[in-house]
Amino acid sequence: MQLGDIEALRKVQVCMGSVFKMVFYPRDGVKPKGHHANSRTKYFVVVGVDAEGNYVGVSLINSEVNVHFARQIAPFQWCIYPEKYVFLDGKFRYVDCYNIRDIETTRILQEAEYIGYLEEADLQKIRELLLKSPVNDLCKLKQYGLAK
């Protein structure tokens, strides 16, 4: 297999429902854990790709709902189950549909590790919650093919 083939295969993985693991920084809106930490590794699910394929809309996957904002964000968290997804290592996780985030496709290709794929039933619920969230901009949702 040649390098171009590997890059093409990785690019195909960047689609709706793909789950990746990547290091995030405060500039990404992710707060590091620990006193001296400057980054945090997180799982995320691709919820849409823009028409040009340059940017990807993602939802972070968390191990718990932030109790400080639970009243505000809890209705927009979708629980995914370890019985369905081996990559969850036996733990329940929550897809954060409250706030869709933008990541450049090239960053995912260069820095992220492909983990797996979510089932269509879960993706449908995630779409619904993303559309209902009061902070997700309609233009952004349209950009990623989530709204008309």
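Count residues from 1 along the sequence.
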Heavy-atom count check: over 12 atoms from other residues, nucleotides or ligands less than 6.0 Å from K84 NZ? yes
Before accepting this row, confirm whether a basic side-chain N of the pair D137/K142 lies closer than 4.0 Å to the acidic partner's carboxylate O. no
In the structure I gave you, are the side-chain heavy atoms of S63 and Y94 within less than 4.5 Å of one another anywhere? no
Stepwise side chain to side chain contact (heavy atoms under 4.5 Å, CB included) test for E113 and M22: CA-CA 6 Å; E113 175 188 350; M22 188 173 78; over 6 Å; no
Side chains of L129 and Q77: closer than 4.5 Å at any heavy-atom pair? no
Please say yes or no: joined through hydrophobic side-chain contacts below 4.5 Å, possibly via intermediate residues, are V135 and L138 part of one cluster? no
Note, Y55 side chain near Y144 side chain (heavy atom, < 4.5 Å): yes
Using a 4.5 Å cut-off on heavy atoms from C-beta on, say whether the side chain of L130 contacts that of K125. no
Over all atoms of both residues, closest heavy-atom pair of D28 and F24: OD2-CA, 3.4 Å
Determine whether a donor-acceptor pair (N or O, by modelled atom type, separation under 3.5 Å) exists between the side chain of D96 and the backbone of S59. no
Please tell me whether R127 and Q124 have a donor and an acceptor in their side chains that are separated by less than 3.5 angstrom. yes
CD1 (I100) and NZ (K140) are apart, to the nearest 0.5 Å, by 6.5 Å
Validation row: P26, P32 side chains within 4.5 angstrom (heavy atoms): yes
Can you check side chain to side chain contact (heavy atoms under 4.5 Å, CB included) on V23 and E111, steps first, answer last? CA-CA 8 Å; V23 175; E111 300 176 25; 5.7 Å; no
Please lay out, stage by stage, how Q72 and Y98 fare under the test side chain to side chain contact (heavy atoms under 4.5 Å, CB included). CA-CA 9 Å; Q72 184 178 357; Y98 185 71; 2.6 Å; yes
Can you give each donor-acceptor pair under 3.5 Å made by side-chain atoms of residues 37-47, sequence neighbours left out, with the distance rounded to 0.1 Å?
| from | atom 1 | to | atom 2 | distance (Å) |
| --- | --- | --- | --- | --- |
| R40 | NH1 | K31 | O | 3.0 |
| K42 | NZ | N62 | OD1 | 2.4 |

In Å, rounded to the nearest 0.5 Å, how long is the span from CD of E83 to OH of Y81? 8.5 Å
Can you tell me how far apart CG (L88) and CZ (R93) are? Round to the nearest 0.5 Å. 6.0 Å
I want to check something: taking the side chain as every heavy atom from C-beta on, are V14 and F20 in contact at a cut-off of under 4.5 Å? yes
Output the distance between atom CG (L118) and atom CD1 (I115), rounded to the nearest 0.5 Å. 11.5 Å
Once you round to the nearest 0.5 Å, how far does CD of E128 lie from CG of L146? 12.0 Å
Could you give me the CA-CA distance, side-chain angles and deciding distance for V56 and D102, then say whether side chain to side chain contact (heavy atoms under 4.5 Å, CB included) is met? CA-CA 6 Å; V56 176; D102 304 306; over 6 Å; no
Quick one, D122 and Y85 - any side-chain contact, counting heavy atoms below 4.5 Å? yes
Measure the CD-CG distance between Q143 and D50 for me, rounded to the nearest 0.5 Å. 5.5 Å
How far apart are the closest heavy atoms of A147 and L131, and which atoms are they? CB-CD2, 3.7 Å
Please tell me whether Y117 and Q13 have a donor and an acceptor in their side chains that are separated by less than 3.5 angstrom. no
For the residue pair C97 and V95, establish whether any side-chain heavy-atom pair is separated by less than 4.5 Å. yes
